[in-house]
Amino acid sequence: MLLYAQDEVGQVTEELIAEVASRCGVTPLQVDEVVGYYTMLHRKPLGKFHIQVCTNIACMITGGQELYEHVCKKLGVGNRGITEDGLFSVEEVECMGSCSWAPAVQVNYDFHHYMTPEKLDALIDAIRQTRKAQ
Amino acid sequence: MPQFNEPSPLEVKILTKRFQLPNSASIDTYLATDGYKAFLKAREMTPEQIVEEVKVSTLRGRGGAGFPTGMKWSFVPRNSPKPKYVICNADEGEPGTCKDRLLMEFDPHQLIEGMMIAGLAVDAHKGYIYIRGEYRYLIEIMDKAIAEAYARGWLGKNIQGTGFDFDCYTHTGAGSYECGEETALLESLEGKRGVPRLKPPFPAVSGAFQSPTILNNVETYAAVPAIIRDGGAAFAALGTPKNGGTRLFCLSGHLNKPGVYELPMGFNLLRMINEVGGGVRNGKKLKAVIPGGSSCPVLRADECDIPMDYDSLAKAKSMAGSGGVIILDEDTCMVRAAMRLMKFYQHESCGWCVPCREGTTWLKKILVRFHDGRGERQDIDMIGELSKSILGRTFCPLGDAAAMPTIAFVEKFRDEFEAHLNGKCPYGQH
């Protein structure tokens, strides 16, 4: 429920916590402690396109670490950093269940398998192009 | 749609037999290919007969522990006045494992049918599928399949006039490895922080909402329709004694053809690497294999001529785990691998009990020190000792899962740790 609420609002805010608490019949504190536990729930805003790069073992040995460093450099941000225009953010994540098709990247909820720095560049550029066109 | 690997001619397709069909996730495809027949057959059987059939099949839990499924089901007190629950663990998070997502994406109805049969066996009328939050598109696929099943009378009240009621729901996780542990999953399902519970009582007696609960992995439930339809003995015969059936092996790492392949239990690991996975890539030599997801102790190349089933791997002091087979070639730095895995466990440790919370933190610090070229000789023994003092002292298996592979890395590749003492990685990787 919190995850879906976050998707709608963009991030976990005080108002969101209060709303969820009242709908579930619990105190905001009880909701707050749940929010603190789960890594997919964010209190700070993320980019419109949240790029999650797996660097766990199967991805690491097939180039996931390099991919993560590459995208950080390209966008000029660090872990959980967000670009100035608010379009992209980057996060180093743990195994996302794509080990056999590694290295893997997830942009928002979309999986991208067999990733390379070139393919990731193309993906980022394509997103920028589409945004510009709008 | 994400891209996946091509199938292999050596596969034995039982659970994945519909994967190549067009529109394989739809209920029409499912019904046209023996779908829901096993449920109707199970409805004619007594609950004891269903459990017995699953026992005969020697199906063992595909999530990691490998507990015999039939036995697990028999622990549920059927006469309890409380409602009972069938819960599916689809919080696939073990590094190296990526099979459950295929079973849900390409054959969601097989999973629903498996859960319904489990419902018949333990007199449960509600099922929950706990899917990790990252798998949003799979939650949508499962929700669609569930809606189709309701619309066609395969879920809900009085299913197909048999007088049996069953409701099925999905529930989302939100990025916690720990929630793959059964009691932490139950806590999370109830809307709380995903921390484990003290056992006993086991979930079979007091699980979800303090009621009797059976909790199995996606692949375990997905195997049930085939067992009921074709008989437990036929399923058992596919594998080795006490390790029946087929399983989905997720080959990853330095391979020419990594991918998810359905193979009989007891398939030889070297054959799996060379014939199914196309051999180690770039013509390199094999160095080591993590045979069942990151929590399983690593096997050296000379230990890899081994049948892949629960008992054989246990004999080799490793585990069959969740079927994630990670292949490491001769150029892999084992210190880096051990360090990365400990970072993972430290990050995912829920902090509920001290040995795991503190142990993984200190192990990470030592391993990072090694990785950065600041390791000292005494650290090597300390890694082993610290790991051993976590083993068996935690609420849930996460502590063991962090300790066991670390002990194996140090014991089997001590020379690599020593080679890092002069501040440099012999492989030049960090």
Side-chain angles (χ1 to χ4, degrees), chain A residues 1-7 12 20-21 23-26 30-42 50 52 54-66 68 79 91-115 119, chain B residues 1-5 92-101 132-137 140 172-179 188 191-195 249-255 258-261 281 290 293-294 324-329 331-332 336-337 340-341 343-344 347-348 350-351 430:
Chain A
M1 177 170 183
L2 279 163
L3 196 58
Y4 285 88
Q6 174 181 269
D7 286 345
V12 176
V20 170
R23 288 198 200 178
C24 296
V26 294
Q30 284 169 308
V31 178
D32 204 62
E33 67 169 33
V34 171
V35 171
Y37 183 79
Y38 295 96
T39 43
M40 284 180 75
L41 300 173
H42 301 269
H50 186 46
Q52 298 148 87
C54 174
T55 59
N56 207 309
I57 183 124
C59 285
M60 177 189 88
I61 60 176
T62 47
Q65 185 67 37
E66 290 74 22
Y68 168 67
N79 194 24
E91 187 176 358
E92 179 181 13
V93 294
E94 298 297 356
C95 187
M96 53 171 92
S98 296
C99 312
S100 289
W101 319 289
V105 171
Q106 202 181 10
V107 180
N108 296 344
Y109 286 113
D110 296 331
F111 283 92
H112 300 272
H113 293 155
Y114 305 116
M115 256 301 160
K119 275 164 85 176
Chain B
M1 273 295 142
Q3 285 174 283
F4 302 110
N5 58 285
E92 183 169 63
E94 176 81 5
T97 316
C98 45
K99 59 188 173 62
D100 295 343
R101 60 185 290 176
R132 64 181 295 183
E134 289 88 343
Y135 287 175
R136 174 61 61 88
Y137 79 105
E140 285 160 11
T172 165
S176 165
Y177 171 69
E178 174 59 17
C179 292
S188 181
K192 294 177 257 181
R193 290 170 77 94
V195 293
F249 288 98
C250 322
L251 307 188
S252 66
H254 296 133
L255 273 182
V260 177
Y261 303 101
R281 71 178 193 193
I290 302 174
S294 66
V325 185
I326 308 171
I327 281 85
L328 309 171
D329 74 9
D331 292 341
T332 315
R336 188 173 179 226
R340 183 63 188 87
L341 285 178
K343 257 190 171 173
F344 165 70
H347 181 252
E348 298 295 342
C350 73
H430 50 91

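Proteins get letters first, then strands, A, B, ... in listed order; numbering begins at 1 in each. Only heavy atoms go into these numbers, but all of them, side chains included; no hydrogens, no water, no symmetry mates.
- Proximity to chain B (any heavy atom under 4.5 Å) is restricted, for Val93(A), to the backbone atoms N, CA, C and O.
- Using a 4.5 Å cut-off between heavy atoms, Thr97(B) contacts chain A through its backbone alone, with no side-chain atom that close.
- Contact between Cys99(A) and Pro95(B) at its shortest, heavy atoms only, is SG-C, 4.2 Å.
- In this structure, the portion of Leu251(B) lying under 4.5 Å from any heavy atom of chain A is its backbone and not its side chain.
- Taking NE2 of His50(A) as the reference point, atom NE2 of His42(A) lies at 4.5 Å (rounded to 0.5 Å).
- Per-residue counts of heavy-atom pairs under 4.5 Å with chain A were compared for Cys350(B), Ala174(B), Gly351(B), Pro258(B); the largest is that of Ala174(B).
- Within the 4.5 angstrom heavy-atom criterion, only side-chain atoms of Gln106(A), from C-beta onward, approach chain B.
- Each salt bridge (Lys or Arg N to Asp or Glu O under 4.0 Å) pair with one or both residues in residues 93-115 of chain A, not counting sequence neighbours, appears once here: Glu94(A)-Arg340(B).
- Checked options Ile326(B), Asp331(B), Thr332(B); the residue passing with His254(B) is Thr332(B) (criterion: side chain to side chain contact (heavy atoms under 4.5 Å, CB included)).
- Residues Tyr38(A) and Gln6(A) fail the side-chain proximity criterion, which asks for heavy atoms closer than 4.5 Å.
- The heavy-atom pair separating Cys98(B) from Cys250(B) by the smallest distance is N-SG, 3.4 Å.
- Under a 3.5 Å cut-off, the side chain of Asn5(B) and the backbone N or O of Val260(B) do form a donor-acceptor pair.
- Within the 4.5 Å cutoff, the side chain of Arg132(B) has no heavy atoms near those of the Tyr177(B) side chain.
- Looking at Glu348(B), only its side chain comes within 4.5 Å of chain A, counting heavy atoms on both sides.
- For Lys99(B), no part sits under 4.5 Å from any heavy atom of chain A, backbone or side chain.
- Heavy-atom distances place both the backbone and the side chain of Arg336(B) under 4.5 Å from chain A.
- Ranked by heavy-atom pairs under 4.5 Å with chain B, the list Asn108(A), Thr55(A), Leu2(A) is led by Thr55(A).
- The candidate from Ile57(A), Leu3(A), Val34(A), Asn56(A) with the greatest count of non-hydrogen atom pairs under 4.5 Å with chain B is Asn56(A).
- Arg101(B) CZ to Met96(A) CE: the interatomic distance, rounded to the nearest 0.5 Å, is 9.0 Å.
- No other option in Cys95(A), Ala58(A), Cys24(A) has as many heavy-atom pairs under 4.5 Å with chain B as Cys95(A).
- Within the 4.5 angstrom heavy-atom criterion, no atom of Gln30(A) approaches chain B.
- When heavy atoms are compared at a cutoff of 4.5 Å, Ile327(B) approaches chain A solely by way of its backbone atoms N, CA, C and O.
- Note on Gly173(B), Gly324(B), Ser176(B): by heavy-atom pairs under 4.5 Å with chain A, the leading option is Ser176(B).
- Listed options Gly93(B), Gly259(B), Gly194(B) were ranked by heavy-atom pairs under 4.5 angstrom with chain A; first place goes to Gly194(B).
- Residue with the most contacts toward chain A among Lys343(B), Lys192(B), Glu94(B): Lys192(B) (heavy-atom pairs, distance under 4.5 Å).
- Two residues are said to be in side-chain contact when any heavy atoms from C-beta on lie closer than 4.5 Å; Arg136(B) and Tyr4(A) meet this criterion.
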